[in-house]
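Quick note: residue numbers are just sequence positions, from 1. Remember, it's a predicted structure, so these values are computed and weren't measured experimentally. We count ligands from 1, going down the list as the structure has it; atoms in each ligand are counted the same way. Side-chain atoms are counted along with the backbone in the values below, which use heavy atoms only and exclude waters and symmetry mates.
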Amino acid sequence: MLIAQTNHKKLMFADTAAVKARDQMFYCPACAQRVQLKTGQVIRPYFAHLPRQACHIFTEPETEEHIHGKLLLYDWLNKQRLAPELERYLPTLKQRPDVFCATTSPPSAFEFQCAAISEEELRFRTIQYMKSGIQPYWIFPVRKAVQTNAVQLSPMASMTSYEHSSLRRHSRLNSSYNIYLDIKQNSFYFRYLLGRVSSQKCLQAFSISELRHMSYFYLSEPPKPTIENRHVVVLMQIKKRQRYGRINRHHEVNFQQYLAAQFKQPLTMYPSAAGWPLPLATSFFNPSYVWQTLLLSQVKKQSSVSFHELTKSFRQLQAQELWQSRSQPLAPVTFEDLLQQYKELLQQMHLVSHTDQKVFSWQGDELFSTHLDQAFYDDQQLVQVWKNYMTRLLS
Ligand SMILES: [Zn+2]
């Protein structure tokens with residue numbers, strides 16, 4: 001920790017203590033136990049609990065990366081005259097955010113999360129903050145050199161479950177993102193999830209902004225990312241893999257049976273109109289080619305269908321636990337929102353159109369292509385419409 005209490009109950013920075021008050025006694029502002037001032041050649045001064053004195057509020061050890069990052073955030077907020085407080089202890093919540101700002105509306109807590117944290121703990125702390133009217137910002141380090149869990153500028157996202165749980169909704173765009181801090185380049189990275197392509201993987205895109213060019217306000221409305229050709233390339237590779245049968249059949253065995261029974265179609269021939277990543281789909285585990293095929297078969301079966309009927313049949317799937325979602329307290333998604341997004345994409349593809357405001361119907365030809373080559377061709381035709389739709393969605 002960077003701040004401790006003196007004998008006179010005053011808060012003091014470790015930097016200051018190292019220069020002026022080396023021989024004083026210091027105490028943890030959260031648990032009131034003795035702490036030691038630590039100084040060294042490489043790491044800047046900090047306070048640490050005495051060995052074997054557990055502090056439940058302030059967990060250690062503290063890394064140079066964490067210290068550097070929270071000071072960077074503190075300085076950044078301080079320059080904006082937001083009166084940030086470093087490591088302020090919030091007794092009612094028993095939490096101690098790295099930086100707290102009481103002056104923002106609502107008050108904000110900034111957590112520079114360098115160590116792994118369980119999904120449950122992150123969610124619990126997020127909900128606690130929100131219940132007290134505090135907006136939490138989970139910020140993760142950019143670790144380019146490290147392969148595991150790194151934010152790589154690859155079109156495919158590999159994320160930890162706690163990164164998923166900390167996703168936030170852009171205040172204008174119908175899309176979710178995470179915040180990363182590059183302490184070497186003094187920049188924020190915003191990682192947008194473009195949609196789920198399998199039960200494990202999502203497509204992603206980034207925007208990057210230097211701290212000095214950004215105000216606090218833009219953490220809720222960061223710069224938009226660009227949808228590039230490499231997103232299209234990767235997406236087509238995935239579709240190809242699926243059509244050649246390299247699908248995780250263990251998870252999709254029910255779906256396989258459904259296609260065979262209802263349409264006499266193998267899994268690899270799923271409709272070209274299905275399998276499209278959508279930003280709101282990232283909080284649902286179900287692969288897009290599965291739920292989109294189920295939805296399309298409902299629409300196709302009837303001459304016209306209302307949105308209400310569709311959501312009702314999806315509620316039934318949810319009740320059968322065929323539809324699994326992940327809780328994202330900062331970016332809640334209902335499947336009504338998601339269906340809406342998919343319906344818009346299908347309209348762009350000229351596959352459905354509205355017969356009146358609430359009712360729409362299938363406009364395309366057959367749901368299934370006649371053979372595999374045809375399916376590849378149809379995927380290729382539709383991928384540009386998907387790209388255009390995504391570009392519009394994120395602009
Ligand atoms: Zn303590």
Surrounding CG of Asp356 (heavy atoms of other residues, nucleotides or ligands, distance under 6.0 Å), is the total greater than 12?
yes

Answer with yes or no whether the side chains of [Y] and [X] bring together a donor and an acceptor at under 3.5 Å.
X	Y	value
Tyr289	Gln242	no
Gln374	Asp378	yes
Tyr258	Ser297	yes

Taking only residues two or more places apart in sequence or in another chain, which ones pass side chain to side chain donor-acceptor pair (under 3.5 Å) with Arg34?
none

Within the side chain of Trp76, is there an N or O that forms a donor-acceptor pair under 3.5 Å with the backbone of Met214?
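Checking the backbone N and O of Met214 against the side chain of Trp76, a donor-acceptor pair under 3.5 Å is found.
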
With a cut-off of 2.8 Å, how many protein N, O or S atoms neighbour the Zn ion (ligand 1)?
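Protein heteroatoms (N, O, S) closer than 2.8 Å to the Zn ion (ligand 1) number 4.
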
